[in-house]
Amino acid sequence: MGFRHLVSLFRNLLHRRREDRELDAQVRAHALLLADENVRAGMSTQEAQRQARLELGGVEQIKEGVREIRAGHMVETFFQDVRFGLRILRKNPGFATVAILTLALGIGANTAIFSVVNGVLLNPLPYPQAEQLVMLHESKPNFATGSISFPNFLDWQKENRTFSSMAIQRSGSSFILTGLGEAEQVNGTFVSSEFFRQLGVVPLIGRDFSASEDRIGAAPLAMITEGFWKRKFGSARDVLGRSLTLDGKGYTIIGVVPASFDLLGTLRLQEIYVPVGQWSHPLLTNRAAGLGIHGIGRLKPGVSVEQAKADMARVTGNLAEVYPDADKGIGAALIPLREWMLGRVQRFLLLLFGAVGFVLLIACVNVANLLLARSTSREREFAVRKALGATQRQLVRQLVIEGMLLALFGGGTGLLIAGWGMRAALSRLPAALPRAAEVGLDARVLLFSAVASLLTGVLFSLLPAIKMSRANVHSVLKGGGRGGSGVRHRAQGALVAAEMALAFVLLIGAGLMIRTLAALWNTSPGFNPRNVLTFGLSLPAALKQANPETIRASLREVHAKFRSVPGVRNVSFSWGAVPMSGDDEWLFWIDGQAKPASENEMNWALDYVVEPDYLDVMGIPLVSGRFFTERDDEHAAPVAVVDEVLAHKFFPGQDPIGKRLHLNSTGQTAEIVGVVGHVKQWGLDRDDKEDLRAQLYTPFMQLTDQAMSLSVSGLGVIVRTQGTAPVFESIRRASRAISTQHVVFSPQTMDEIIDGSLAERQFTLILLAVFAGLALVLASVGIYGVVSYVASQRIREIGIRVAMGAQQTDVLRLVIGQGARMLFAGVAIGIVAALAFTRLMSRMVYGITTTDPETFAAVALLLTAVAFAACYFPGRRATKVDPMVALRYE
Amino acid sequence: MAPDQTNLLHGTLDMMILRALTRTEMHCLGISRRIEQITKGTFQVEARIALPRLHRMEEQGWLVSLWGESQNNRCAKVLQADGRGTPPTAKRKQNDGAASP
């Protein structure tokens, strides 16, 4: 746009009136000149003027032609259209409210879901060059992403050529903190020294661990998190250099980790970071022991994940040759950080995003239908405008601008709904969704909802606008007003059918989730989760150095104390795996077979180290033999109980009772004394698909002396309660009564654990159900509106039919038949669309297929019933038509 | 009408208007009659076509307008080609193909 153009633009916009006057004068002068010409040609003055007018044509049209060409014309007419549109909306508050609310629901739901997608998937990870970060695991025969042994990690770090740095972390450890108020349990993570540096995390104050400080035998140092710093030290800056007593050992505080750091975005509370070399676990230097250590590395610039994989294959291959005992069959699994964090949620978030898009489409269709229905009352208005010379383009523009106004108001209201809906949705699922804390209404979300609103506006107003602007001026102005209404009914019918189809797809989605969850809820976990409470227990740190007999005596005392707490029925300590919350594996080989050459050739089993009451506490059925008794203690011969899976897998067709197992992890040889039911360790849905399902139980009191002293710093307690009354506070009091250094922590009921494992599906179900409900309501409003509108248009015809003797049922059939056609078309399209779309859900469903015929039938029935109900009312009204009134109608 | 053709016609009309205005300033009707004369009656430019075009050319700075008087003392807006704002003929030719009159 040149300078001259700008000048014209301003002149035209600022001096519109003067420009108009001048134009008027010019056109009039033109007419006079024409007349003069005619007079010169010999006409009478009157005839000359008439001929001049004829030649000139419509004065207003000419003026409009000039105005259109002027700079700024677009802006000017745009504002004119906006003003006019606002006036029209004010004149029809009922219509405007319904349309705006419909759109607000659609846009609001979309904005809410988009803000989640934006925060979780679109925003970059909060680390510099996050694309270089790769999660590292050991791939083992039983685990694709198993934990790394410390010696292997040190070799990986040394031998690789593709990583600029590599670090490990072992989260989920707990320390008992003493010397700072009452003794308490704090969450700790062991890290290697490059951990923070490679993630670009800068300590708030102080420093992070330097290169050699993570070695075994280095001085004990600790970093604390901002939250812990605030809670325990009131954010005092002199905290650096102070000593922290963890598990009875003094650690020097060297730095504070900012609260914003949360590696996997899971919001798990972290309090303390300690160099991995400080871990007193006896197996830390064992090359075959995983111990829950996982790694993260930063690729050198320009190195691809594939190259790094090849490099690590070389490194692990070499290690397998050097240490065949521990490392045969062990590889490295490299997964980009982003994929590790978000790969799982990406699918279901996009699924929800698609579903909510359907809701918006339905809202669009509904408003388009409202506009179409309203077009009757505006038919004359548009015919008049057309007769006055408005072009089709101008009419369409006017209507589209009206639509945009509706959409913008809808979008604005939708933002309010989104803000509220987002908080409501997130509060349902804080744990299962990584990065939930980063979800919010930022600029991108606002832009999204603005663009969504405008596109919606164009989408729903374009079809009615085109239809309306094509109306035949003559027939409309003649007063019939029925010109083209047949076409419009077809359009409305098609829109309703589309709406029904969209609603059908959403209902199928929700239906499949309901069936899935019902199937999961009906799936027995293999134990009775009702009234079962789990929590952690740690004993005074001084006991660590005590002899195992003292520890056992202390544990027996605690057991008796807990057992006597009112409301507690049964108590069992637990070590090793806990159903659905933590796994632990032991290696074994069967007595009578040769000891396998390496650990990798041994058999694996999930190990549960429990007390005699465990079976009662968990409600696991005993299949044969016996479970442990009090006599299976440290003085008795080692015994074991296996589950049905282990029995079938390793003793097919035999009775396992009396057989003996060599337990590699403890060095014991235990005799199998009983078989119990299988417990779904890996979750209700996943357990069937896992490789490692064999389960092995051993008595707690037969734990090795070494493991016994380890258990001092933390073991599990599982309690069956009488009724649902909370007992944890009483247990805490009982524990404190023994000593202030007995700490109980992290209470969780089994029901909560199971619910947690279903949280993602429940979240999907709730949202899909909300969307499907919205869709159903909108679609039934849509079909109701169209059927009643069509019925009102046919009131004369119905009157004649009644006058000719049509019965009420005939009239009802006539009206409902109209709706039924739309409905059946919609259901037919919906079935096809649902078959295509639900394939995306195949990973979320359980126990059914995505083409589950029962769900399809039920949804089709539901939709049909609702649609018929929606058609019944206008049909009913039509039967009440008095033929006399109807015939006199026009 | 395809946009190409519209542009071609507009371009042609612009050139004819400018040609009509080479010798002397004229009002709208005069320009129409002059074009009719030049093209030997092939083009009869009506006011509803000519006026918007003249305004457009004026906004683009090819023409200047002022209120003057016609031969028989009618007050009329007269137009003259603006020497400074002569259209970039070469460029237009390129855009419009065979647009030269």
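Below, read A as the first sequence line, B as the second, and so on, with proteins coming before strands; counting in each chain starts at 1.
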So CG of A/Asp36 and CG of B/Leu29: to nearest 0.5 Å the spacing works out to 9.5 Å
With a 4.5 angstrom heavy-atom cut-off, is it the side chain or the backbone of A/Glu37 that approaches chain B, or both, or neither?
side chain
Are side-chain heavy atoms of B/His55 and A/Gln26 found at a separation under 4.5 Å?
yes
Within a 6.0 Å radius of atom CZ on B/Arg48, are there more than 12 heavy atoms belonging to other residues, nucleotides or ligands?
no
Is it the case that atom CZ in A/Phe409 sees more than 12 heavy atoms from other parts of the structure closer than 6.0 Å?
no
Proximal component of A/Leu34, with respect to chain B [non-hydrogen, under 4.5 Å]:
both
